[in-house]
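Report on the structure given below.
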Protein chains: 2
Amino acid sequence: MAERLVVIGGDAGGMTAAAMARRLRPDLDVVALERGAHMSYSACGIPYLVAGDIDDLDDLVVVTPDRFRAEYNIDARTRHEVTALDLDARQVEVRDHEHDRTYKLGFDTLLVATGARPVRPDLPGIDGDTIHGVQTLDDAERLLADADRRPPRAVTVVGGGYIGLEMAEAFVRRGAAVTLVEAAPEVMRTLDTDMAAMVHKAMEAFGIDVRTGVAVEGFEPGRVLTAAGPVEADLVVLGLGVQPNSELAGDAGVALGARGAISVNRRQQTSADGVWAAGDCCDSFHLVSQRNVHVALGTVANKQGRVAGINIGGGYATFPGVVGTAVTKVCSTEVARTGLTETEAARDGFAYEAVTIESTTRAGYFPGTKPITVKVVAERDTGRLLGAQIVGEEGAAKRIDVFATALTARLTVFDMISLDLSYAPPFSSVWDPVLVAARKAVEAVERGR
Amino acid sequence: MAERLVVIGGDAGGMTAAAMARRLRPDLDVVALERGAHMSYSACGIPYLVAGDIDDLDDLVVVTPDRFRAEYNIDARTRHEVTALDLDARQVEVRDHEHDRTYKLGFDTLLVATGARPVRPDLPGIDGDTIHGVQTLDDAERLLADADRRPPRAVTVVGGGYIGLEMAEAFVRRGAAVTLVEAAPEVMRTLDTDMAAMVHKAMEAFGIDVRTGVAVEGFEPGRVLTAAGPVEADLVVLGLGVQPNSELAGDAGVALGARGAISVNRRQQTSADGVWAAGDCCDSFHLVSQRNVHVALGTVANKQGRVAGINIGGGYATFPGVVGTAVTKVCSTEVARTGLTETEAARDGFAYEAVTIESTTRAGYFPGTKPITVKVVAERDTGRLLGAQIVGEEGAAKRIDVFATALTARLTVFDMISLDLSYAPPFSSVWDPVLVAARKAVEAVERGR
């Protein structure tokens, strides 16, 4: 009998691994089990689907289950939920929701790619049917069905992180009155407060009612209860972050790591023999803080999936880690970060200098030039780059990739001022904003010595 | 008497150095001599001035001579041309074109920043008054005056490099019929032929009559004579590259290096004691080929000027070198390169793999997504990144900066596939095109082992 790989979870981490393992090991029997109705899709596209930028939910699907079966020779099963995992017996228990039956399936190798789910705080009314998390395409389907059936006049978004901000904008563009409630003193806790304040302003300018420092206390039909009084809400979006779906693996005895995510090594191996993990359910190593962290992003899931798949297929690949890069667009404001913020650098015990500069995305005199603000955090004494944040308009955010690359290469801001970055008037000032920020950081590091 | 720094040449290299030295040494007497009428301007903006994107030539001026005098306390003299340099007597001979007189000026420290000039091949009729080089703001003034006085119906651009392409587009946008004549088999010799062919196509689609493999043999009023017959031309733009203005220094005994440019070390010191150089007149070290090269770009001039100024001011700074980055926009096509092309890698004796991928600038399903082609050259065996080229539409070119940073850090394509680059649907696919290209390069390197 052929050796069998069972993949639990049919999105980025799972299916990238399944496809890669299949390619390297044509002899392998590959079964992919997905509890939802969709596989291999771009969850990051959901806000743009809600906003109307994208017409059809199917546009977000990268590969359909049919295609996985026909072209990849992967036994792709949707609406099949793994309900238990027995490492000793080397089998999973599967609930087939389509045919309402349960069966057991043996495996030689297992890949856990169970993803993450939106945090649902234990508050009165949290299970109301107008309260939506936005993580899977099934979530998006439910949310859109709800919004189409009863177009919401008032939408409240709880939580001012990436998904919260994107969904707030999406509902404004659908014509709703949108309130965003955030318990912290400022939105975007992944940025320093000074940078996040610029995003806050941009959201207000777009017509979003942003209420920071306001804790949610519960939900009632038609309203969200907060410490500062009730907020009207025909529809609620939860944007409080996600937690890893690691219970199945954890209960089976697989070791868990950062924030309860499945602990993996550089090859995406878990603590259990022949059991691998990839994507939002497992942890990552942060190359700057040198801690294990839980980063639930499609980029990481795809990379981890590729690495797991190559290793399962008998090859050798490693995922050295993340540097904490993230980007989004809120209204016309582009927001990006990588590495450590000032707050994070302090928490992790770095002595640092932080500088902020303002520049333009194109030459100052060039038509269509837009503002860009760059904040850089560098280690005191060594000048090692620790992180960067960007807030700006069109053409600003993708510059974060230079910092992300520099972080991976452990460059100092002294190295960075000589970077041979591209310049022509439609693209940049002669000193790219990245270089302007690096120069100011060099001066701060020199002064601090 | 105060120690005196004399700066020869008042654009990027010279004035960046002058301003920096002034800041660090308030006691210094700083005299800047510029033979033209303008100082400290963006020559790279000239094509956009010609095209009409920018209204006023003064918009390209960064700092006026008046401001250098008033705010920087720099004795900035325009229309003052240095005609001789005596290193033993430590003085320069200056021709004051304004007052038609010649004087001698002593110096303790000298910075040579004499720039470069367009190559003018020794062909019959080359000195005709409708034949324009485009290097200085004075050149631009003459060209615009000519074009305004007798709006050209037919313009011929000789040479298909950056400036040639940009000027060709500019004149199409002014309503002229534009022919571009290039002696080489393809335009953009700084790209590999396969990538350059895409640029060639875009230019033709924009209405430029591109004639490659055609050598220019001479100029007559109203036409350019070529090996393939005459080409109509009310106005001719030379885009044959530039050569360093290094004769003054060379004649005085300063050592010259790559392509006749002034040879400098990492601190921008020339071979002569107390004589520094910066910008288009001097050479640079290429960090990938490890050769000295002549790169005449504003980015390099500014960086070298900063380094020279800090060192002249008593500080310590180095310019480690370039990686050969350049970018331009031709019509709606963005073009960028860094490191070595396949052709250059072969010439420099590298064993390499070259791969090309096609992708999109945003998520494939996102509105406004545009095509991008990325070519990567990596060293065989080690996988070290050697270079990259990008041709694409809006949002494509600036990705070259990730490769430029990776080259500086000597990353391999194995390192690059794990880069934590930013992703959100308005900015990228989940695998950024840079990563897609790196992955394909990894596969090629692995196959080649």
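Naming: A, B, ... by sequence-line order, numbering from 1 per chain.
Here the side chains of A:Val445 and A:Val413 are in contact, with some heavy-atom distance below 4.5 Å. Taking 4.5 Å as the limit, some side-chain heavy atom of B:Lys303 sits within range of a side-chain heavy atom of A:Trp431.
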Tell me, with the steps shown, if A:Phe427 and B:Lys329 meet side chain to side chain contact (heavy atoms under 4.5 Å, CB included).
CA-CA 9 Å; A:Phe427 298 103; B:Lys329 188 161 166 284; 3.9 Å; yes
Could you walk me through whether A:Thr361 and A:Glu393 pass the side chain to side chain contact (heavy atoms under 4.5 Å, CB included) check?
CA-CA 8 Å; A:Thr361 54; A:Glu393 292 180 29; 5.9 Å; no
Is there a side chain to side chain contact (heavy atoms under 4.5 Å, CB included) between B:Ile46 and B:Leu137? Walk through the geometry before answering.
CA-CA 8 Å; B:Ile46 294 172; B:Leu137 219 47; 4.2 Å; yes
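Contacts of B:Ala406 with chain A are made by both backbone and side-chain atoms, with heavy-atom separations under 4.5 Å. For B:Ser429, no part sits under 4.5 Å from any heavy atom of chain A, backbone or side chain. With a threshold of 4.5 angstrom between heavy atoms, B:Leu407 does not approach chain A through any atom at all. Looking at A:Leu435, only its side chain comes within 4.5 Å of chain B, counting heavy atoms on both sides. Heavy atoms of B:Leu411 lying under 4.5 Å from chain A belong exclusively to its side chain. Only the side chain of A:Asp432 comes within less than 4.5 Å of a heavy atom in chain B; its backbone stays farther off. With a 4.5 angstrom heavy-atom cutoff, B:Arg399 touches chain A only via side-chain atoms. If you measure heavy-atom distances from B:Thr328 to chain A, the contacts under 4.5 Å come from the backbone alone. Of the atoms belonging to B:Ile400, it is side-chain heavy atoms, and not backbone ones, that fall under 4.5 Å from chain A. For A:Arg306, the part lying under 4.5 angstrom from a heavy atom of chain B is the side chain only. B:Glu166 does not touch chain A: none of its heavy atoms, backbone or side chain, sits under 4.5 Å away.
Among A:Val295, A:Val62, A:Leu287, A:Val322, the residue making the largest number of heavy-atom pairs under 4.5 Å with chain B is A:Val322. Per-residue heavy-atom pair counts under 4.5 Å with chain A were compared for B:Asp55, B:Asp59, B:Thr408, B:Thr299, and the maximum is reached by B:Thr299. Of the listed residues (B:Arg410, B:Lys398, B:Met416), the greatest number of heavy-atom pairs within a distance under 4.5 Å of chain A belongs to B:Lys398. With chain B as partner, the option from A:Val442, A:Thr338, A:Val323 having the largest number of non-hydrogen pairs under 4.5 angstrom is A:Val323. Among A:Ala424, A:Pro320, A:Ser422, the residue making the largest number of heavy-atom pairs under 4.5 Å with chain B is A:Ser422. Among B:Gly368, B:Ala326, B:Ala404, B:Gly45, the residue with the largest count of heavy-atom pairs under 4.5 Å with chain A is B:Gly45. Highest contact tally toward chain B, considering only A:Leu60, A:Asp415, A:Leu297, is held by A:Leu60 [criterion: heavy-atom pairs under 4.5 Å]. Chosen from B:Asp53, B:Asp401, B:Leu419, B:Thr318, the residue pairing most often with chain A at heavy-atom distances under 4.5 Å is B:Asp401. When the candidates B:Ala363, B:Pro425, B:Ala409 are compared by the number of heavy-atom contacts under 4.5 Å with chain A, B:Pro425 comes out ahead. When B:Val300, B:Val430, B:Ile54 are compared by the number of non-hydrogen pairs under 4.5 Å with chain A, B:Val430 comes out ahead.
The shortest heavy-atom contact between B:Leu57 and B:Leu49 is N-CD1, 3.6 Å.
Side-chain contact, A:Ser284 with A:Gln304: a donor N or O sits under 3.5 Å from an acceptor N or O.
Atom CD1 of A:Ile310 sits about 4.5 Å away from atom CE of A:Met20, to the nearest 0.5 Å.
The main-chain N or O of B:Asp280 is found under 3.5 Å from a side-chain atom of B:His294 such that the two form a donor-acceptor pair.
Ion pair A:Arg439/A:Glu446 not flagged as a salt bridge, since none of the NZ, NE, NH1 or NH2 atoms sits closer than 4.0 Å to an Asp/Glu carboxylate oxygen. Here A:Glu169 pairs with A:Arg173 in a salt bridge; the nearest charged N to carboxylate O distance falls below 4.0 Å. Ion pairing of A:Arg23 with B:Glu443 is present here, as a side-chain N (NZ or NE/NH1/NH2) and a carboxylate O approach within less than 4.0 Å.
The list of side-chain hydrogen bond (donor to acceptor under 3.5 Å, both in side chains) pairs with a residue in residues 40-50 of chain B, not counting sequence neighbours, reads A:Tyr365-B:Ser42, A:Tyr423-B:Ser42.
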